[in-house]
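As structure tokens, the structure follows; a few thoughts come after it.
Letters A, B, ... are given to chains in the order of the sequence lines, protein chains preceding strands, and every chain is numbered from 1. Heavy atoms only: backbone and side chains are in, while hydrogens, waters and symmetry mates are out.
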Amino acid sequence: MSGPVEVEYTGVRELRGPLVVVEGVSGVGWDEFATIVLDSGERRHGLVLEVDRDLAVVQVLEDTAGMNRTGTRVAFSGSPMRIPVGAGWLGRVGNGRGEPADGGPPVLGGSYEAVGGAPINPVRREPPNDPVLTGVGAVDVLTTLVRGQKLPVFSAAGLPHLELAVQIAAQATCGGEPFAVVFAGMGLTHADTAFVRDGLAARSAARELVLFLNTADDPVIERLLTPRLALTVAEHLAFAQGRHVLVVMTDMTAYSEALREVSAARGEIPARRAYPGYLYSDLASLYERCGRIRGRPGSLTILPVLTMPAGDITHPVPDLTGYITEGQIVLSADVQAAGTYPPVDPLASLSRLMRKGTGAGRTRADHPAVAAQLIAALARSRQVAELADLIGRAALSPTDLRHLELQDAFRDRFLPQGTDEDRSLDDSLDRAWEVLLTLPRSQLGMLPADLLDTHAPPRREERR
Amino acid sequence: MTAPVDELDPVRAELLRAARAAAEATLDHARTGAADTLLAARTAAETVLAQARRLGEADGAEEADRERVRAAQEAWETELVVRAEVYAALRAEVRRGVRRALAREGVAARSHLADVARAALGPEAEITASAQGGVTAETPGRRVDLSADALADGALDRLGVRAETLWGPP
């Protein structure tokens with residue numbers, strides 16, 4: 001035989017909820033991965049939550065139902081959880097702890113990687129560059145996703161964030177370069193799980209998708225693993241195999257709530273709203289795994305989706321996420337109430353790295369100017385709408401009235417899009433021009449004259 | 001004797017001519033209207049037909065796309081199930097092979113495995129021969145499984161990606 005002999009510990013002192021307290025252990029560390037064998041021969045898995053002298057507290061991933069104190073054996077792997085990585089994951093569906101959920105054999109990767117990941121050396125990071133086009137006009141034109149960026153979607157209960165996440169995962173492309181999507185679903189209902197699988201069937205059939213699905217009724221500790229598994233698989237696809245990889249993680253609020261539960265089980269001192277004090281650094285340990293590495297092809301882009309409880313953007317999860325990420329796409333209940341999909345609030349949304357991914361040679365030469373002008377015009381439109389509420393529409397100037405028309409044109413002709421409509425960037429930008437040209441040239445000062453001349457030749461009265 | 005001339009004949013004739021002319025004009029108008037209506041109807045029918053054809057083609061293309069994705073997905077699911085069966089068959093075969101090898105080696109193998117177990121758990125470990133071959137060893141609170149099946153499973157796990165040659169191209 002080869003390989004070290006695996007010692008199993010049989011001294012189970014206590015079974016409490018999802019926890020197993022094992023005595024007589026030695027050399028066991030925090031977060032170590034454990035395999036638990038039941039009397040029946042069934043195998044389960046766990047993570048070490050706490051070690052004190054010869055006692056180890058193990059959280060069982062699959063729960064402790066059916067386990068006995070006698071006859072249960074626990075073996076510790078000597079390292080944190082590892083997962084096989086490689087192209088074998090493409091087209092596969094795993095559960096929240098990385099086991100196949102599609103009826104197939106285990107995923108046999110060429111190598112194993114620790115799911116905790118290794119942070120990218122800051123001096124070897126390349127700045128994000130070039131776009132990931134999502135086929136969603138409001139995102140591509142106004143908050144362009146850039147390769148290597150982390151750009152969250154801020155949503156609220158009842159808004160179609162899952163539809164948008166699935167649509168982006170189904171449609172995203174990187175200009176014909178090798179591309180893959182890793183989708184991590186956390187705390188999803190079974191109906192949502194079915195929706196995700198159906199929505200991404202074509203991408204999965206094309207072997208461009210890896211799905212990790214943790215459902216709402218799975219143990220919470222698995223929810224902490226799911227994004228880490230997804231990122232570990234994605235890192236290998238990106239940096240070892242040269243693909244551009246988009247990781248969609250939804251719902252990060254469900255993840256953070258799982259973190260809170262596990263922290264409480266560990267007896268840690270709660271911080272704001274009972275989340276652990278390390279929520280910021282824990283979220284950063286996920287989000288900071290995106291990027292590009294100098295000298296290596298491929299990139300890892302992260303699109304986390306989170307729901308703001310009661311729409312509160314100051315809640316710790318969106319608040320701390322906003323400190324780490326590079327902008328946000330905000331979904332609005334008001335836009336949703338008007339029956340518009342996707343209900344993106346353009347003025348609250350921002351992609352901080354957009355300039356690095358747009359313009360000539362990347363998207364289209366007029367893109368940055370059009371996006372900036374459209375945002376400026378929409379901001380003015382909102383002010384005018386507020387003014388109209390105060391003084392009445394009749395008292396507005398003709399220019400102000402044109403701004404109200406622009407707002408309507410934006411909501412009617414630019415924003416609305418079908419959930420399965422893959423809109424080209426050219427189409428989206430042309431629509432943006434159509435909306436902008438509801439204003440007179442004098443109000444389009446952020447657009448260079450040559451661009452304006454191409455898209456809207458000046459009328460006689462404007463030439464004078 | 002000549003028949004008396006009705007002085008109203010010219011009037012009658014003129015009325016008759018006017019009536020005939022009006023009837024002819026009405027008929028012409030009706031014919032033109034019918035032709036126009038027919039033309040308009042034909043044009044409308046052609047437009048509706050063209051639109052229906054376009055919609056039908058689009059619906060058909062969408063349905064074909066959906067069908068193609070569904071077929072690809074089903075084929076992939078079937079392939080995964082078969083791969084899982086082949087992998088399970090490999091595991092069963094490896095287990096049988098290890099059992100046969102341990103049975104062939106007999107006491108020597110059992111003695112070697114017992115030494116390995118004692119090295120892990122200490123000399124006081126209680127060694128028990130496993131029914132399928134190999135041994136298990138136990139001390140209070142600790143256990144080592146060196147049975148044939150455990151050894152086979154460990155070997156298969158270490159095989160890793162090489163097992164993919166089972167379903168990869170030769």
Side-chain angles (χ1 to χ4, degrees), chain A residues 1-13 22-26 35 37 41 43 54-55 71-77 82 84-93 100-112 170 197-207 209 420 422, chain B residues 62 65-66 68-88 90-91 98 102 109 112-113 116-121 125 134 136-146 149-168:
Chain A
M1 63 170 288
S2 63
V5 177
E6 188 178 75
V7 175
E8 297 171 319
Y9 293 92
T10 55
V12 174
R13 178 186 279 193
V22 191
E23 60 186 359
V25 302
S26 61
T35 305
V37 184
R43 295 171 88 84
D54 70 336
L55 286 181
T72 296
R73 290 132 46 193
V74 183
F76 298 95
S77 67
R82 292 157 69 84
V85 290
W89 273 106
L90 292 170
R92 299 297 304 269
V93 181
D102 52 12
V107 175
L108 306 164
S111 57
Y112 280 75
R197 288 196 68 169
D198 285 350
L200 297 177
R203 185 131 243 174
S204 183
R207 310 282 190 283
L209 178 80
D420 57 355
D422 188 357
Chain B
E62 272 178 31
D65 277 349
R66 271 197 296 273
R68 199 163 32 244
V69 168
R70 198 161 36 233
Q73 193 67 19
E74 280 172 10
W76 175 233
E77 281 168 9
T78 308
E79 185 181 333
L80 285 175
V81 170
V82 173
R83 283 187 185 189
E85 287 169 2
V86 172
Y87 191 74
L90 174 69
R91 184 176 293 273
V98 173
L102 287 177
H112 172 66
L113 291 173
V116 172
R118 282 195 196 93
L121 294 184
T136 57
E138 208 157 346
T139 57
R142 298 201 299 163
R143 182 178 186 272
V144 163
D145 187 354
L146 297 176
D149 288 356
L151 292 172
D153 289 351
L156 193 60
D157 290 344
R158 281 192 294 277
L159 192 61
V161 78
R162 278 180 291 165
E164 291 209 334
T165 53
L166 286 170
W167 49 77

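Counting heavy-atom pairs under 4.5 Å between each of E77(B), R143(B), R83(B) and chain A puts R143(B) at the top. Note: P106(A) leads P100(A), P106(A), G86(A) in heavy-atom pairs under 4.5 Å with chain B. The greatest number of non-hydrogen atom pairs below 4.5 Å with chain B, out of G103(A), P84(A), S111(A), is found for G103(A). Heavy-atom pairs under 4.5 Å with chain B peak, among A202(A), G24(A), A206(A), at A202(A).
When all heavy atoms of W76(B) and G91(A) are compared, the pair lying nearest together is NE1-O, 2.8 Å. Between R73(A) and D145(B), the shortest heavy-atom contact is NH2-OD2, 4.0 Å. For the pair V69(B) and A201(A), the tightest heavy-atom approach, listed with the atom from each and the gap, is CG1-C, 3.9 Å. Contact record, A84(B) with G104(A): CB-C, 3.7 Å, taken as the closest heavy-atom pair. Contact record, T10(A) with R142(B): OG1-N, 3.5 Å, taken as the closest heavy-atom pair. A205(A) approaches A72(B) most closely through the heavy-atom pair CB-CB, 3.8 Å.
With a threshold of 4.5 angstrom between heavy atoms, E85(B) does not approach chain A through any atom at all. There is no contact between L159(B) and chain A, counting heavy-atom distances below 4.5 Å.
At most 12 heavy atoms of other shown residues, nucleotides or ligands fall within 6.0 angstrom of atom CZ in R43(A).
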